[in-house]
Amino acid sequence: MIKVLNVAEKPSVAKSVATILSRNQLRVRDGRSRYNKIFEFNYSINGQQCHMLVTSVTGHLMEVEFEDRFRKWHSCDPADLYTAPVRKYVPEDKLDIKRTLEEEARRCHWLVLWLDCDREGENIAFEVMEVCKGVNRNLTIRRARFSALIERDIHEAAQNLIAPNQWFSDAVDARQEIDLRIGASFTRFQTMLLRDRFVIDSAQDDRNLVLSYGPCQFPTLGFVVERYWEIQSHEPEEFWTINCTHRSDEGLASFSWMRGHLFDYTSSVILYEMCVEEPTATVTKVQQQEKLKYPPYPLSTIELEKRASRYFRMSSEQTMKVAEDLYQAGFISYPRTETDSFSSRTDLHTIVQEHQEHPVWGSYAQRLLDPGAGLWRNPSNGGHDDKAHPPIHPTKFSAGESRWSQDHHRLYELVVRHFLACVSQPAVGAETVVEIDIAGERFSASGRVILAKNYLDVYRFESWGDSMIPTHVQGQQFIPATLTLDSGVTRPPPLLSEADLLSCMDKAGIGTDATMHDHIKKLLDRFYVTKDANTRFSPTNLGEALVMGYDDMGYELWKPNLRSLMEYDMKEVSVGNKSKAEVLATCLQQMKACFLDAKVNKVKLLEAMAIFFNRSDRSNGDDSSALGENVRPCGLCQEANMVLKKNRDGNFMVGCSGFPQCRNAVWLPGPVLEATITNNICNSCTPGCIGGCDETLRQLIEICGTGSRVQARGRPPTTTPSNGPPTTTPSNPQRSNSRQAPCIYCYQTGHASTDCPSRISATRHVQSHGMNQQNGESSIPCSTCGTPCVLRTANTANNRGRKFYSCSSQACNFFVWEDSLNNGSAPRSAPRQNISSSASNPSRRGGRGRGVQNAGRAGDVTFVSATGEPISGRRCFVCGDPSHFANACPSRGS
DNA sequence: GCAAGGTC
């Protein structure tokens, strides 16, 4: 009888394969590794009787590493790591598996490889082959190709064995080698360059800090930094929108402007005024239609991580840890899968049946199985299939185990509810959209009534709002209860959440479903990013400085393109279009050139780090001689010295070495080519004067202003010193005078918001357009701002001669028709309710404005209504001064 | 001390 050694990628697969092939008639014995059992049984392959031994590895059996003489960090120039010999070897913790394979292979005739059918699996197959052939050269080697652990697939695979695919394996070899060489060279380079030169305060012991670089971790960091920069450089922009409401017996309907919003105030006011003049609304369209909200696709790893993060704020790392636990205990299926569609052969009903007894969702499971309820629906297909694992689904019923943590309970519940949702009908709603026309401007309001919740009954994590809208009929006319011109300001997008970050990585092909959470954790472990309570990521100074340094070199080493290109090449290798050697040669040659260039431009990294960190006295750097010279004691914190530095743009600054606790700094104008410290002390001022008595420099500062710190990327200092204003030095007179709150309209200082020239002209335009001011008396106080109102007469077409009160403040557009105040019975063409504008009245906007989501100019922008006050917490992104916005930053003049 | 990819 032929003895066949079968090897699977993991113990669970070995067990499944053995169980299926033996029809559960098998013997089990231990191997040398406690996890990797050996199953024995007889089986016929193509009519040939075989004695089968089925065992497993645990993923890769081998690792790739540099030869010993290159392993010590100081053993060679990191550039040598692009050519240093590497070897594949079985690490210590896999030696017992290797011995099992060797012992069994010696006694076998055939080796059949049951590794996962992807590139990594193929590579592991070649590792197994190498070990087995090492002890038995006469082995006949075959590959089993299967896509699911079900009877038909496994038997088919066993009867149709094929040859291993060298190209697939080669692609992984190339990836491994490239990752190692790039990762090790850049990690050693940047760690040895930066760690000892700076006091990196994030690390408790920065002597042991490793500043790692990796082709997956850096693009992941890049996503975080890029979003952060986007937020920092966002300049709030005011916009205007017209809203109106209609009150009827059934309630209030809120209509929003179908133009969305305009950024031009004058245009908005003109359109608004047209509406005010002819406020009769005509219903132009009433549309009712059924809307469906579909259940999610079957659960893949990334979706599991994203949803656990969104619903429970669990980190992706914790999610995978708990999922692995549940999987090991048999409660859920294999948790590392890209597949989001169920095979038609999966018995979905049986899985639902198991949950009928559950105290919480059991009744829902019963309804699902009741054909009369009509709740069942075959799950939709998400379009991904890794050909190895089904979507994550419950495999064993549990009403909760006593040893489970809260996270175990939550995750199991998510998996079960998600599964039940997948086999349920979509929620059904009836949506009503009403459109109206006021003076040619169109507005719409919508409402929704949920007719059947269906899957939402079990998937408590999702909701679908119910909102009633009073009945309207086409052609109906009404006078709005309110018609307002509201304003808001654009807001930057939020920081990336963990779910966002996973989506970015998924989209760019960074990492795999099984490793993405590792890359995120690595960024946290390396102190490159922090995560707040809302699972949103910010770069640390360290993370930002590293990205900034490479960005300044002009390299996109922190962007996902590099990985994408590598992936493309790997694909070419795996289909035989390119050879492993060819891809390795070109890729490593390019990366080495890039590395050597980075070494030449290391000053960019040093400069970026110098923005955020103090120099360390451990430094023996060769590039610091021109930097860090003491000028004088810092007059602000009186603790540290002011030192002469050069920033990353090549500009000089004299900054407090107590940074970031103290941010005292003088920025010398860009045209200054050289700055040195001399022993000369001028006669006209006290020691410590910087440039104030140097007439040439004084004029330069007048002409050019002072440079900003990181103006291009818009990174503000993160804190302002507690013991004084950010920076008030003789060289920056504009900044020292800018403590007055800026105008909320133009963000300039020098005038109050109520006196903003831009508003005055806009208001005047409105007045001249439609209304004549009378020399009326101030008879009532403005209900908005309290300023006395003036009685005026309208001379517009529809309201000529009609009187209204309007606020005498030019910054407040409140007005009210006189006749509407008297008895509430308005003339025929007049509105029944007050119609007032709040456009230029800051104090009213808070109560009027509507939050508008995702309607901004640039991508993922959120708008909210303005409060009328300068937005608290917002500060100039250029210099960090809260007294003005970026548009008015004195430094921008240069 | 370094990467990323498998896995218990």
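All chains are named by letter (A, B, ...) in the order of the sequence lines, taking the proteins before the strands, and each is independently numbered beginning at 1. Quantities reported herein were computed from a predicted structural model and do not represent experimental measurements.
Residue contacts shown for A/V64 include a base, since a base heavy atom lies under 4.0 Å away. Residue-level contact check: A/F186 touches neither bases nor backbone, having no heavy atom under 4.0 Å from any strand. Note on A/Q176: a base of the nucleic acid sits closer than 4.0 angstrom, heavy atoms only. Residue-level contact check: A/S33 touches neither bases nor backbone, having no heavy atom under 4.0 Å from any strand. Looking at heavy-atom distances under 4.0 Å, A/G121 makes no contact with the nucleic acid at all. Residue contacts shown for A/R175 include a base, since a base heavy atom lies under 4.0 Å away. Among the heavy atoms of the strands, none lies under 4.0 Å from A/N123. Contacts of A/R119 with the nucleic acid, taken as non-hydrogen atoms under 4.0 Å apart, are absent. Nucleic acid contact for A/T187: sugar-phosphate only, since backbone atoms but no base atoms lie under 4.0 Å from a heavy atom of the residue. If you check every strand for non-hydrogen atoms under 4.0 Å, A/P78 touches nothing. Across all strands, A/E65 comes closer than 4.0 Å to base atoms (heavy-atom distances).
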Can you give each donor-acceptor pair under 3.5 Å made by side-chain atoms of residues 210-224 of chain A, sequence neighbours left out, with the distance rounded to 0.1 Å?
from: A/S212; atom 1: OG; to: A/Q217; atom 2: OE1; distance (Å): 2.6
from: A/S212; atom 1: OG; to: A/R526; atom 2: NE; distance (Å): 2.7
from: A/Y213; atom 1: OH; to: A/L557; atom 2: O; distance (Å): 2.9
from: A/T220; atom 1: OG1; to: A/C216; atom 2: O; distance (Å): 2.7

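Boundaries of the chain A contact region on DNA chain B are B/dG1 to B/dC8, first to last in 5' to 3' order (nucleotide atom under 4.0 Å from a heavy atom).
Residues A/G59 and A/R188 both approach DNA chain B. Their nearest nucleotides, taken by heavy-atom distance, put A/R188 toward the 5′ side. Each of A/Y35 and A/F70 was matched to the nucleotide of DNA chain B holding its nearest heavy atom; the match closer to the 5' end belongs to A/F70.
Evaluation of the salt bridge (Lys or Arg N to Asp or Glu O under 4.0 Å) test over residues 182-192 of chain A, restricted to residues two or more places apart or in two chains, returns none. Pairs passing the side chain to side chain donor-acceptor pair (under 3.5 Å) check and including a residue from residues 114-123 of chain A, sequence neighbours excluded, read A/N6-A/W114, A/K10-A/D116, A/H60-A/E120, A/K88-A/N123, A/R119-A/E567, A/E120-A/R175, A/E122-A/R143, A/N123-A/S169, A/N123-A/D173. Among pairs with a residue in residues 78-105 of chain A, those fulfilling ring-ring contact (aromatic ring centres under 6.0 Å, His included) read A/Y82-A/F595, at least two apart in sequence or across chains.
Here the closest non-hydrogen pair linking A/V573 and A/A171 is CG1-N, 3.5 Å.
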Start with the C-alpha gap between A/H393 and A/F342, add the side-chain angles, then the distance that decides, and say whether ring-ring contact (aromatic ring centres under 6.0 Å, His included) holds.
CA-CA 10 Å; A/H393 63 275; A/F342 279 106; 5.7 Å; yes

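Every residue two or more places apart in sequence or in another chain was checked for a ring pair (Phe, Tyr, Trp, His ring centres under 6.0 Å) with A/H517, and none qualifies.
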